[in-house]
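Throughout, protein chains are lettered first and strands after them, A, B, ... in sequence-line order, and every chain is numbered starting at 1.
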Amino acid sequence: MAIKTDRLEVDQWFDLELVLDGTQDFRWRAWKDGWLSGVLSGHVVHVRQAGVGASLEYRANVDLESVLRSYFRLDDDIAEVHDALSDIDDTMRKLVSRFPYLRVLRQPDPWQATVSYICSATNRIERITKSVENIACELGERRVLSGDVRHTFPTREKVLEAGEENLGELTVGLKSFPKRVLATAERIRAGSLDLEHLAQPEVCYAEARLQLMASPGVAAKVADCIALFALDKPDAFPVDTYVRRELERCYPDAPLGPTEGEALAIWARGTFGARAGYASQLLFLSGYFASKNP
DNA sequence: CGCCAGGGTAGAC
DNA sequence: GTCTACCATGGC
């Protein structure tokens with residue numbers, strides 16, 4: 001099969017390493033010769049970048065240019081995002097100048113994102129990655145690119161067929177993950193949850209969040225991650241342990257309770273507005289790197 | 001041994 | 001609505 005290789009022009013504020021180190025999508029890993037391997041829209045894709053601001057090289061068995069442009073939001077006016085964030089307050093201004101290369105991914109498969117984030121509860125990134133990859137290897141379809149064997153993420157029908165016991169062998173962490181994933185898959189099958197509909201631009205963040213949170217295993221944090229990274233709701237504001245720590249440090253006014261109430265979501269929207277998702281990612285990176293290199 | 005990991009749920013007030 | 005105990009498990 002012919003391999004399509006191409007180069008995408010990016011703006012000066014694009015850093016592939018940083019974007020994928022933020023690990024919003026758990027399916028990327030290192031390949032050879034500086035290539036990173038991922039699975040996108042049912043295809044294996046290899047990407048690499050010579051340096052910050054350099055064009056993005058990719059190869060795949062099909063043309064993935066439009067998929068990649070959307071995924072990395074290459075067509076966004078990132079300078080405008082930087083300006084808007086910097087205008088919010090001093091904390092945001094500093095974070096933008098520290099992490100100007102950050103992007104919030106636009107993942108094409110909300111179902112994969114939903115399963116991934118359900119399995120993220122009280123778990124480490126390596127284990128979440130392991131769970132997602134196990135599910136793909138066992139239940140997805142095999143795909144090969146240049147000797148790199150990967151698997152697509154399985155449809156919800158495949159996951160439902162697998163059943164609780166099989167899923168229990170594939171996931172790492174809480175024993176309730178399989179139950180939660182299956183219950184959510186069943187809600188989608190029954191039509192109570194329609195991820196494709198929630199991804200439409202006319203569905204607002206608040207509505208998407210409400211619908212998502214009706215699923216077991218999907219509370220505020222998971223719902224916000226799905227909404228932000230896979231349903232194109234840029235005003236979602238995920239609060240994980242790192243973001244919480246940074247909020248306590250930089251925003252004493254933030255209403256942080258033992259559990260994230262509605263008050264926090266309202267506060268975030270008021271403070272960060274349409275850029276809340278970007279703000280959350282900046283705070284996450286700050287806290288995440290602080291814990292990695294103390 | 002205690003603490004922590006990109007939280008969520010059930011049950012109590 | 002808000003707070004608590006509990007859930008699994010390996011690494012430090």
Side-chain angles (χ1 to χ4, degrees), chain A residues 18-28 95 99 102-105 107 110 112-134 164-165 167-187 193 206 209-231 233 236-250 254-268 276-294:
Chain A
L18 180 67
V19 168
L20 297 182
D21 196 16
T23 55
Q24 308 161 8
D25 179 340
F26 298 97
R27 303 224 54 199
W28 291 99
L95 282 173
F99 301 112
L102 175 66
R103 303 271 162 149
V104 173
L105 297 182
Q107 299 180 33
Q112 174 183 313
T114 301
V115 176
S116 302
Y117 296 121
I118 285 177
C119 295
S120 76
T122 319
N123 223 336
R124 302 184 180 185
I125 290 176
E126 311 83 67
R127 293 188 180 195
I128 304 165
T129 305
K130 193 171 180 182
S131 298
V132 174
E133 208 57 36
N134 281 348
E164 191 175 333
E165 197 167 325
L167 280 179
E169 302 289 321
L170 302 174
T171 54
V172 190
L174 297 183
K175 278 193 171 166
S176 52
F177 287 158
K179 265 190 208 305
R180 296 175 179 184
V181 168
L182 287 173
T184 300
E186 177 53 29
R187 286 195 71 230
L193 178 63
R209 189 173 192 266
L210 198 64
Q211 298 283 333
L212 290 166
M213 286 181 68
S215 283
V218 184
K221 190 267 180 182
V222 170
D224 281 337
C225 281
I226 300 168
L228 177 61
F229 301 131
L231 298 178
K233 310 299 179 213
F237 189 77
V239 179
D240 56 45
T241 154
Y242 297 116
V243 173
R244 167 179 288 275
R245 198 174 307 161
E246 293 302 290
L247 285 176
E248 282 169 353
R249 203 165 61 83
C250 307
L256 287 167
T259 55
E260 265 86 65
E262 280 314 285
L264 184 64
I266 293 168
W267 173 85
Y278 243 101
S280 162
Q281 274 306 103
L282 287 169
L283 292 165
F284 169 77
L285 277 186
S286 179
Y288 182 61
F289 287 144
S291 79
K292 278 214 302 195
N293 326 313

query = CG of A/Leu282 versus P of B/dG6: gap in Å, rounded?
reply = 19 Å
ask   = What pair of heavy atoms forms the shortest contact from A/Gln107 to A/Ala113, and how long is it?
value = OE1-CB, 3.9 Å
ask   = When you measure from every atom of DNA chain C, which of residues 213-223 of chain A have a heavy atom less than 4.0 Å away?
value = none
ask   = Hey, does A/Arg245 reach any base, or is it just sugar-phosphate, or nothing, if we go heavy atoms under 4.0 Å?
value = sugar-phosphate
request  = Pick the P atom in B/dC4 and in C/dA5, then give their distance to the nearest Å.
outcome  = 15 Å
note = CG (A/Leu95) and OG (A/Ser286) are apart, to the nearest 0.5 Å, by 5.5 Å
message = Between A/Thr171 and A/Val181, is there a side-chain heavy-atom distance shorter than 4.5 Å?
response = no
remark   = Between A/Ala227 and A/Ala236 the two heavy atoms that sit nearest each other are CB-CB, 4.1 Å
inquiry  = Does the protein touch nucleotides 2-12 of chain C at the base, only the backbone, or not at all? Give it as B, S and - per nucleotide, heavy atoms under 4.0 Å.
reply    = SS---BBBBB-
ask   = Please give, in whole Å, the distance from B/dG6 P to A/Ile226 CD1?
value = 18 Å
request  = Ignoring hydrogens and angles, tell me if any N or O in the side chain of A/Ser280 forms a donor-acceptor pair with the backbone of A/Ala276 under 3.5 Å.
outcome  = no
Spacing of the P atoms in C/dC6 and B/dG2 (rounded, Å) = 15 Å
note = Separation of B/dG7 atom C1' from A/Leu212 atom CG, nearest Å, is 16 Å
inquiry  = Measure CD1/A/Ile266 against C1'/C/dG1 and give the value in whole Å, please.
reply    = 12 Å
query = Under 4.5 Å between any side-chain heavy atoms of A/Leu212 and A/Tyr117, yes or no?
reply = no
query = Can you tell if the side chain of A/Phe237 reaches within under 4.5 Å of the side chain of A/Leu283, non-hydrogen atoms only?
reply = yes
message = Work out how far the P atom of B/dG11 is from that of C/dA8, and round it to whole angstrom.
response = 15 Å
task = Answer yes when A/Arg249 and A/Glu246 have at least one side-chain N-carboxylate O distance shorter than 4.0 Å, and no when they do not.
result = yes
task = Tell me what A/Glu126 touches on the nucleic acid: a base, only sugar-phosphate, or nothing, going by heavy atoms under 4.0 Å.
result = nothing
request  = Could you tell me whether A/Tyr288 contacts a base, only the sugar-phosphate backbone, or nothing, with contacts defined as non-hydrogen atoms closer than 4.0 Å?
outcome  = nothing
Non-hydrogen atoms of A/Tyr278 and A/Leu102 that approach each other most closely = OH-O, 2.9 Å
